[in-house]
Amino acid sequence: MVTSTIHEGRHFLQIPGPTNVPDRVLRAMTRPTIDHRGPEFASLTLSILGRLKQVFKTTGPVIIFPSSGTGAWEAALVNTLSRGDLLLMYETGQFAHLWRGVAERLEYEVEWIDDDWRHGVDSERIFDRLTADKEHRIGAVAVVHNETSTGITSNISGVRRAIDEAGHPALLIVDTISSLASMDYRHDEWGVDVTVGGSQKGLMLPPGLGFNALSERALQASASASLGRSYWAWDPVIEANKSGFFPYTPATNLLFGLDQALDMLIEEGLDSVFSRHARLARATREALSGWELENLAISPAEYSDSLTAVMMPEGYDADELRRLILERFDMALGTGLGKVQGRVFRIGHLGHFNELMLMGTLCGVEMGLELAGVPHKKGGVDAAMRILAEQG
Ligand SMILES: *Cc1c(COP(=O)(O)O)cnc(C)c1O
């Protein structure tokens, strides 16, 4: 193996995904691969699908693809829309931008609402655009729930309300790749038609699985969507899943891991998982205030509980700080993406993560700020400790 870094103790993987994989999940994945057409595999699939629905908070089908999140983005579009259909998308940040690229390469027409990367989706702008679309040309509204490039969470039930109040038939498609299983998300209750997920963030698995959760309306749309599709087609998966199988070879060992990860989430209880992330996120923000560094997110109602994007003081390079922290303390922090490259670094606090892992992370950041000569106030770490040591 070629590596310039010698790891002693645990590497700190504090990028906002892929996240730290629990030992229990890693061990489960080292089991010998089994026959994906045999009885043991069928019962594994059926048991996974039942619990996965609880995580998406849906009673409808959840499709598992052996894919990156990008594949699950593509699947959500090609199953519901026909060539030339119009898609309404919102510029929350780099992931929204990348998803738009996927849509355009698939030859959909995209109407793009621009914003400044410091705010979530403004439902009023969605409402206005849908109200103006008298001919109902817009086939779907596609938005990112938790924008991983900015640390900003959008109000999805607000987007649903905007669509309903406009009396518009557009489908609602939502990317939850960095929120699912770390932050509250409700596919059915929020009236989402397709929820896009990925394995490598809140679900605590390595990269390699993509998910689509579907509403009844999404299924109806897939019956008339005319774009050719094969690998990403939902129907054959739904059909094969009825008996616990897949139409092609699934990622068997990732499914062994998923089985454990779902057990862990259900044992802890989803509400406890969410409040743990809320507490760790609040302590992270306290550290920022202590350092007198600015959060890229402006509105407290939109602060993400899965990651925080920290703005560098003018004239200081975030990637230089990240490089130094990796070299000295063996901790990886998230780089600034797209428009905010070099201007922010991102602290991932999602997935398999606890108080002392957060304190190690924040200590690494504070020491890094000192070593890199970045102007800041001392005491961010202390401020975070005060939050974590609060009674009850
Ligand atoms: C990570 C991420 C993706 C991309 O997933 P890949 O597995 O890299 O294709 C998409 N959207 C969001 C919000 C993400 O955080």
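What you see below is based on every heavy atom in this structure, not just the backbone, and it leaves out hydrogens, waters and symmetry mates. Note that the coordinates shown come from a computational prediction; the quantities given were computed from them, not determined experimentally. Just so you know, ligand 1 is whichever comes first in the structure, and atom 1 is the first atom listed for that ligand.
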Does Ile177, backbone or side chain, put an N or O under 3.5 Å from an N or O of ligand 1?
no
Could you tell me, atom by atom, which parts of ligand 1 come under 4.0 Å of a heavy atom of Gln200?
5 (O), 6 (P), 7 (O)
Indicate yes or no: does Lys378 engage Glu370 in a salt bridge with an N to O separation below 4.0 Å.
yes
Using non-hydrogen atoms of the residue, decide whether Trp99 is closer than 4.0 angstrom to ligand 1.
no
Identify, for atom 4 (C) of ligand 1, the protein heavy atom at the shortest distance, and state residue, atom and that distance.
Phe95 CE2, 3.9 Å
Is the closest heavy atom of Glu147 to ligand 1 under 4.0 Å?
no
Starting from atom 11 (N) of ligand 1, what is the nearest protein heavy atom, named by residue and atom, and what distance separates them?
Asp175 OD2, 2.6 Å
Does Thr176 come within less than 4.0 angstrom of ligand 1, counting non-hydrogen atoms of the residue?
no
Could you list the atoms of ligand 1 found under 4.0 angstrom from a heavy atom of Ser178?
15 (O)
Tell me if the centroids of the rings in His349 and His277 come within less than 6.0 Å of each other.
no
Under a 4.0 angstrom heavy-atom cut-off, which atoms of ligand 1 come close to Thr70?
6 (P), 9 (O)
When you measure from the heavy atoms of Lys201 to every atom of ligand 1, does any distance fall below 4.0 Å?
yes
In ligand 1, which numbered atoms sit nearer than 4.0 Å to a non-hydrogen atom of Asn146?
13 (C)
Flag this pair as yes if the NZ/CZ of Arg31 is under 6.0 angstrom from the six-membered ring centre of Phe256 and inside a 45 degree cone about the axis; otherwise no.
yes
Could you list the atoms of ligand 1 found under 4.0 angstrom from a heavy atom of Trp73?
10 (C), 11 (N)
Measure from NZ or CZ of Lys201 to the centre of the six-membered ring of Phe95, then state whether that distance is under 6.0 Å and the direction lies within 45° of the axis.
yes
Check Arg160 with Asp164, please: is the shortest side-chain N to carboxylate O separation under 4.0 Å?
yes
Would you say the ring centroid of Tyr185 lies under 6.0 angstrom from that of His145?
yes
Side chains of Arg229 and Asn79: any donor to acceptor distance under 3.5 Å?
yes
Taking 4.0 angstrom as the limit and counting only heavy atoms of Thr148, give me the atoms of ligand 1 inside it, by number and element.
12 (C), 13 (C), 14 (C), 15 (O)
For residues Met312 and Ala318, report the shortest heavy-atom separation together with the two atoms involved.
CG-CB, 3.5 Å
At a 4.0 Å threshold, what atoms of ligand 1 neighbour a non-hydrogen atom of Gly69?
5 (O), 6 (P), 7 (O), 9 (O)
Has Arg51 got a side-chain atom pairing as donor or acceptor with Leu262's backbone, closer than 3.5 angstrom?
no
